[in-house]
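Below is one structure; the comments refer to it alone.
Quick caveat: nothing in here was measured; it's all calculated off a predicted structure. In what follows, chains carry the letters A, B, and so on, assigned in the order in which the sequence lines appear, proteins first and then strands, with residues in each chain numbered from 1.
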Amino acid sequence: MRYEAPTSINAAVKLLGGSKGLAKVLGGGTDLLVQMKTDRIEPDLVVDVKRIPGMRDIAAKGGGFRIGAAVSSAELGEHKALKKAWPGVVEAANLIGSHQIQGRATIVGNLCNASPAADSVPALVAAGALAVVAGPKGKRNVPVEKIATGPGKTSLKKGEMVEAILLPKRPPKSGDAYLRFIPRTEMDIAVVGVGVNLTLDAKGVCTAARVSLGAVAAQVLLVPEAAKALIGTKVDKAALDNLAAACSAACRPIDDKRGTKEFRIKVAGVLARRAAAIALKRAGGK
Amino acid sequence: MMSQVRVSTTVNGDAVEYLCEADETLLDVLRDRLGLTGAKEGCGTGDCGACSVTVDGRLVCSCLVLGAEAEGRKIGTVEGIASGDKLHPLQKKFLEHAALQCGICTPGFLVAAKALLDHNPNPTETEIRFGLAGNLCRCTGYDKIVRAVQAAAAEMRKG
């Protein structure tokens, strides 16, 4: 294996695109090094992107934020303005693993590892986040829900890497939230995860919403029917009932040791309701 | 074919240089090349915290860091916690409270507890338990560790 730590995106892309065999991007390494240790992968090249300027920065951009690919979850949690604007995204990232893991793990890594149960991804999908993909043909912005195509699989082509996440500008009276179910209180993998992001008008009517589900399908789902259940309502009991039903209906889960299909379908609705209530409160609604 | 990487870094305040394999973890570098055997390999996959160290002041599992990544960083290990012969309050209180039995997890707990107290000098019991959730101990049942951290925090607040 070869280790490279380039100091520009162009050099990183060139290394990734020009490599023979398996080339992997190293950000926080909390998935990559485990996969190497357990012999699930044997990379020929590891490209450490932490020496590239901007990769470890959270920058205000166009009223929103640009989060570099190597920003750790702990750093997200320490960024007051980001936490205020996108509490759901930050709380989702901060749920991942221990303090030790938080010190290294990144949301770009969480996205590109493409686990259906990735905690930060439903929150990012609900937020309408974009992934900035750099590659041999230049850069493109891709909605985060288009990155994972199945467990461990992404739409990234050879030589491409995600260099940052863009979170959009927040309209007034907006709120987001992420909730997951795990059998313990922490340090576990989501059995179901739900991200809700909504905006209210002056009268408290929901004008925009995005709802996303994790761990209930082969990839994180954006659920437009669930958003429709909220838009045009005051997020009252009837709307929450419809939201829960839409979320349960969207689930295509598997049975595994952490939960049955039936359980996941039921819990998706329950958590969606609770996450919407938190998002509503954060948006200043009642 | 492995290509070796030359690394210049700082460990517990001392400038250090080493050659390591590209896929060699920082944990293996510390233990096998630098003779710092305080950090232990429990799981090797970031679950147990026995290999905890700090990189630029940030608590991490050294089994999930490549040795090559340490270039230009500041590494802190359990060996750097005491000042000379004088034990750190955490080390003293771990002894006084018998917060260890087999001792494998202890270096990781000390590094993690120090990182916790550096950040929050007066943690509640809940904050200590959550803060140390990345460190596993199979002997003590955790209670004595929590008491030792509380006692060390109290002593450190007195200054």
If you take all heavy atoms of [X] and [Y], which pair is closest and at what distance?
| X | Y | answer |
| --- | --- | --- |
| B/Leu64 | A/Leu33 | C-CD2, 3.3 Å |
| B/Ala133 | A/Glu186 | CB-OE1, 3.2 Å |
| A/Ser98 | B/Gly134 | CB-CA, 3.2 Å |

Chain A contacts, top residue of [options] (heavy-atom pairs, under 4.5 Å):
| options | result |
| --- | --- |
| B/Thr45, B/Thr25, B/Val111, B/Val60 | B/Val60 |
| B/Ala112, B/Gly131, B/Ser52 | B/Gly131 |
| B/Ala68, B/Gly46, B/Gly108 | B/Ala68 |
| B/Leu66, B/Val5, B/Leu116 | B/Leu66 |

| task | Could you tell me the separation between the CD atom of B/Glu24 and the OH atom of A/Tyr3, rounded to the nearest 0.5 Å? | result |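 Nearest 0.5 Å value for the CD-OH distance: 13.5 Å.
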pair [X]-[Y]: side-chain heavy atoms closer than 4.5 Å:
| X | Y | value |
| --- | --- | --- |
| B/Asn135 | A/Gln100 | yes |
| A/Arg104 | B/Arg58 | no |
| B/Arg73 | A/Lys50 | yes |
| A/Met1 | B/Glu21 | no |

Highest number of heavy-atom pairs under 4.5 Å with chain B: which of [options]?
| options | result |
| --- | --- |
| A/Ala74, A/Gly97, A/Gly28 | A/Ala74 |
| A/Arg51, A/Met36, A/Gln102 | A/Arg51 |
| A/Glu75, A/Glu4, A/His99 | A/His99 |

| request: Using non-hydrogen atoms and a 4.5 Å limit, figure out which bit of B/Leu132 sits close to chain A: side chain, backbone, both or neither. | output: neither
| field | Exceeds 12 heavy-atom contacts within 6.0 angstrom, atom NZ of A/Lys158 | value |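 Buried by this count: over 12 neighbours within 6.0 Å.
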| message | For the NZ atom on B/Lys93, are there more than 12 heavy atoms of other groups (residues, nucleotides or ligands in this structure) within a distance under 6.0 Å? | response |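 Counting other residues, nucleotides and ligands, NZ of B/Lys93 exceeds 12 neighbours.
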| message | Taking side chain as everything from C-beta outward and backbone as N, CA, C, O, which of these in A/Glu78 sits under 4.5 Å from a heavy atom of chain B? Side chain, backbone, both or neither. | response | side chain
| Contact origin within A/Leu26 toward chain B - heavy atom pairs under 4.5 Å | side chain
| query | Under the salt bridge (charged side-chain N to carboxylate O under 4.0 Å, His left out) criterion, do B/Glu41 and A/Lys37 qualify, and how do the steps go? | reply | CA-CA 12 Å; B/Glu41 180 170 273; A/Lys37 170 84 181 180; 3.1 Å; yes
